[in-house]
Amino acid sequence: MVEITLPDGSKQRYDGESVEVREVVASLGDNWLKTAIAAEFDNHVVDFHQRISGEGSFKVLRESDPPSLDVLRHSTSHLLAHAVKTLFPNAKLAIGPSIQDGFYYDFDVEKPFTPEDLERIESAMRDFLKTRMDFSREVWSKEKAKDYFAAEGEAYKLELIDEIPDSDVSVYRMGNFLDLCAGPHLDSTKWIKHFKVLSSAGAYWRGDSSKPMLQRIYGTAFYKKKDLDEHLKRLAEAEKRDHRKLGKILDLFEVREEAGGGLVFWNPKGSILRETIEQYLKEKLLEKGYELVLTPHIARAELWSTSGHFDYYSDNMYTMEVEGQDYVLKPMNCPGHILIYQRKLHSYRDLPVRFAEMGTVYRRELSGTLHGLLRVRGFTQDDAHIFCTPEQLSAEVDASLDFALEIMADYGFDEFKIELSVRDPKKQEKYAGEPDEWDAAEKALESSIRRKGFPFTLMEGEAVFYGPKIDIKVIDAIGRPWQLTTIQFDFNLPKRFNINYVDRDGERKLVVMVHRALLGSVERFVGILTEHYAGAFPLWLAPVQCRILPVTSERAPYGKSVLEALIERGVRAEMDERDEKIGYRIREAELQKIPYMLVVGGKEAETGEVAVRAHGRGDLGRRKLGDFIGEIVDEVRSKR
RNA sequence: GCCCACGUAGCUCAGUCGGUAGAGCAUUUGCAUGGUAAGCAAAAGGUCACCGGUUCAAAUCCGGUCGUGGGCUCCA
């Protein structure tokens, strides 16, 4: 007997040990069968072909239910594999899951796919769709499956079968294409209409660089044409916002081949932007009771042996030998801050001690992972270390969380995702620190988030070996998440360096140490901000806030007086007095996304006015220079 | 690091079959003094990423190096 509970609370019963989902859906009425994609039984997505048993909640999934999209994409990946196997019979199948924005399928082929191959594959897929194919599911014994896939030469599938704990496996058939697959799948190909093969790239089998390199084809699929079009538009929008492109147009920064990959040169405009961000943060740090420190860029290797970095991080460190001594270019700021802490004996009355530094560090990232400002080899962390007593821990986490959110709000981020990474309870031995320390730390982090009332995702087993952490991801203007803030406990370094304080009872005790970065890396943050604002920075951040455009060279002297008045009030202003027509100079200022353009000609010169034009908003009309300065200064202050 | 693609003027890019390079923009110089998104003309500008090989001859073909781009478990 099978019993299901429908969303409206009503129950249905079916005879027998198990029942096919298709039957269940059919029993609910004919129209359901036409519109249903799959179903949810006991909170698991099941397709028409699967059998359910026992009792559980049951919900029919239709196009608009999010899990249906995964089903569509997974099935489209099978269609892709079908096309590939048809065009490239020697291709070996790996895996083909549905992912965030689409799907992929990995193949082992002799030659990587060319863009032309992808076109052929896509049109083969469309050809298949001309005749409707039904998906069907079969349950095979492992032996049968192994015999079959061995005969087909599908080595990757054999490897997968061996890892499946059950005694039986499922295979799905579509036309004459058969694949080892857990499902769920569509009932037929009739739902596959709006899809696109996007790109191909190398990808290791199981993401392991010691394993063979496969060729991955990415694609996406939607139920509605409108959704596909919108998705493709989003991709185009993301490309337009690419900080590498904008960085060049706006003359912010460069990565020079002469110097090497992942090393950033900040041009004047990028530098002023960075300075603005850093100076603002430093002001805030001082307000919040942090002390600014500076530590050397290189230090003897011994320091890094004490910290333990040498043992597990040396592949990522730049090292050098000086007069027979090994030195390390710092990949992290913590040991330096610890040395400063240790310059004297601390009383519990001194704590918490909070050290902050715009600490530039260098890490040897793999060349293939370098990416604009987002993944570099030299970068500046807004790094801070808090040394406190266990009792202070909770308050410090609270304050850090508040600080992070306050800063994010200034940059126009108002949507977040918070992740709390804790131990894997099954692997206690891999963590530094005592279980009760961990309990306290994890509790402090969790209660801080709860106190703020934020939803969060608990990431069990995601904690680093030295302590639990909170990560905050911000959602940018086009909905993409970026990880910025991290607040991490450290039970490792206090022991290694014996960082202590003298408590009330006269005993020396180990401090509790918290690593904390709000923006993460300043380089990366500027990259993210550039994409978030699409290069049109708000006034307070704009490298050039105001450009003065005299209509004719005759009005340059008046322009100059306007310029001087603005600069005197701290506005980043410049004048474009080239012998070009006003339209041409406006166009250039618009392309450079300069927030304000002041057009000054005869009329303005006579009345002491300026004609204000705002980026993207056009002509705002004339006003007194003094009024404009008041407005612009206010706007900078408001960080809007 | 690995797979694939790419690297030509400051920028964006053409360059066919191997025969010593071209456009637009930017720059400089003239002319034009123009009121809200590109005035006109001329000049100048290149170690075709770098190193090596094949060839009478290489931007072009081959090998290597460096750099850039798309990716490298969201798991049958």
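Values in this document were obtained by computation on a predicted structure and should not be read as measured data. Letters A, B, ... are given to chains in the order of the sequence lines, protein chains preceding strands, and every chain is numbered from 1.
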Residue pairs meeting salt bridge (charged side-chain N to carboxylate O under 4.0 Å, His left out), one or both in residues 597-612 of chain A, sequence neighbours left out, come to A:Glu609-A:Arg622
Let me know, please, whether A:Glu254 or A:Gln215 comes out on the 5' side of the other along RNA chain B by nearest nucleotide. A:Gln215
Within the structure, does a side-chain N or O atom of A:Tyr104 lie under 4.0 Å from either OP1 or OP2 of B:G70? no
Under the side chain to side chain donor-acceptor pair (under 3.5 Å) rule, what pairs show up with a residue in residues 544-554 of chain A, not counting sequence neighbours? A:Arg547-A:Glu574, A:Arg547-A:Gln592
Bracket notation of RNA chain B in which parentheses pair within the strand, [ ] cross earlier pairs, and | pairs with another strand (Watson-Crick or G-U, under 3.5 Å): (((((((..((((.....[..)))).(((((.......))))).....(((((..]....))))))))))))....
Going by the rule ring-ring contact (aromatic ring centres under 6.0 Å, His included), which residues pair with A:His231 if we only count those two or more places apart in sequence or in a different chain? A:Phe222
A:Arg256 vs A:Pro97, nearer the 5' end of RNA chain B by closest nucleotide: A:Arg256
Using a 4.0 Å heavy-atom cut-off, does A:Ala589 contact any base of the nucleic acid, only the sugar-phosphate backbone, or nothing at all? nothing
Determine the contact category for A:Gly372: base if any of its heavy atoms lies under 4.0 Å from a base atom, sugar-phosphate if only primed atoms, P, OP1 or OP2 are that close, otherwise nothing. sugar-phosphate
Mind jotting down which residue pairs meet the ring-ring contact (aromatic ring centres under 6.0 Å, His included) criterion with at least one end in residues 600-624 of chain A? Sequence neighbours excluded, please. none
State which residues pass salt bridge (Lys or Arg N to Asp or Glu O under 4.0 Å) with A:Arg241; sequence neighbours excluded, sorted by chain then number. A:Glu237
Using the side-chain heavy atoms of A:Ser209, tell me which of these nucleotides is nearest: B:C75, B:G1, B:A49. B:G1
